[in-house]
Amino acid sequence: MARLIRMDGTGHSTLAEWTDQDDAAFEAAVQEFRGQLDLGYIGTVPDGPGSAAHVRDLPREADLVILRRPIAGG
Amino acid sequence: MSASAPALPELGQVPWRERTDARFLARHGRWWRVSTALYTAPLAVGSVAMVAFEPITLPVALATAAHAWMIPELYAFRGASVVRAKGPRNERAEPVAQGLLADLLGHDARDLQRRTGLALEHGTLGTWLVGEAGALLVSPGAKRVHCFCVRVPEPELPPSDRIAHLLLALRTDEEGFATVANHAFCGAPWRVRRRLPKPMRPALDVARERARAEAR
């Protein structure tokens, strides 16, 4: 089961879950993902030790997609 | 397929900055060394000259020499402060955030982070230690530590989520991460270490050891 999570004030929230076979669940996750991007979140896929990728579209094959806030110099 | 982008999206906030690569960091390190010499050498030489020419000026010479010692120490304090714990602790949400951060880190890095509050990460620029609102980069060979001030401006996030934000950005685009961050200090590891909170010092020791090993 793949998950779309958002890091927030609760630690993190699971916004959507989907499987390869469930088109409806994936479509709902895509809508949720786009809505979060519109709010300013950034989609990131941890894709192995020490590596992550920024994504603009929800990747169906990913196990975990994390939404994070933009960082800035302090 | 997803549309993935290699560059950090936050780079759009700082289009005027030169991309921070290994050459940029080496040049920046040399500049720090030269500027440190420029503001400490006159004070140190002046204090010796004062005593040589007029021994009665010893108290003033001592104060001048103290300034020569103190100014780099203040800079180092500023550098080490980037990784100090800051902001609300959000203790209710922290265990959940700690779980996610633990999933992102390997076994050894997870233990180190729990003990010291700093997440160890290997990169092409060196060995990183990521804190809640900043990061230290130990250069290959462990001759220098670069201190970066960088944060996620969301105070309601628990501390481990703040670290996870920085870690994910670093893993997405290391040079982009260093470009977005503000460079607060660059200097010898011993100078930064003595200004770090005591519980964090073992993390710098591990990072120095890794940086030395990788340079061999």
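This is a predicted model, so every value here is computed, not measured.
- Looking at Asp8(A) and Arg6(A), a side-chain N of the basic residue comes within less than 4.0 Å of a carboxylate O on the acidic one, giving a salt bridge.
- The environment of CZ in Arg17(B) is crowded: more than 12 heavy-atom neighbours from other residues, nucleotides or ligands sit within 6.0 Å.
- By the side chain to side chain donor-acceptor pair (under 3.5 Å) test, Glu175(B) pairs with Arg19(B), sequence neighbours left out.
- Applying a 4.5 Å heavy-atom cutoff, the residues of residues 136-158 of chain B that approach chain A are Cys149(B), Val150(B), Arg151(B), Val152(B), Pro153(B), Glu154(B), Glu156(B), Leu157(B), Pro158(B).
- Residues of residues 177-209 of chain B lying within less than 4.5 angstrom of chain A, judged on heavy atoms, are Phe177(B), Val180(B), Ala181(B), Asn182(B) in numerical order.
- Open room surrounds CZ on Phe77(B); 12 or fewer heavy atoms of other groups in view lie less than 6.0 Å from it.
- With hydrogens and angles disregarded, no donor-acceptor distance shorter than 3.5 Å links the side chain of Trp18(A) to the backbone of Glu27(A).
- At a 4.5 Å heavy-atom cutoff, the contact between Thr44(A) and chain B is made by side-chain atoms alone.
- Heavy atoms from other residues, nucleotides or ligands lying under 6.0 Å from NE2 of His28(B) number more than 12.
- Looking at Pro49(A), neither its backbone nor its side chain comes within 4.5 Å of chain B, counting heavy atoms on both sides.
- The salt bridge (charged side-chain N to carboxylate O under 4.0 Å, His left out) test applied to Glu132(B) returns Arg89(B), Arg162(B), not counting sequence neighbours.
- From Met7(A), atom CE reaches atom CD1 of Ile66(A) across 5.5 Å, with rounding to the nearest 0.5 Å.
- Put simply, of Ala62(A), Gly50(A), Ser51(A), Pro46(A), the one with the most heavy-atom pairs under 4.5 Å next to chain B is Gly50(A).
- When each of Leu166(B), Val96(B), Asp161(B) is scored by its heavy-atom pairs under 4.5 Å with chain A, the top score falls to Asp161(B).
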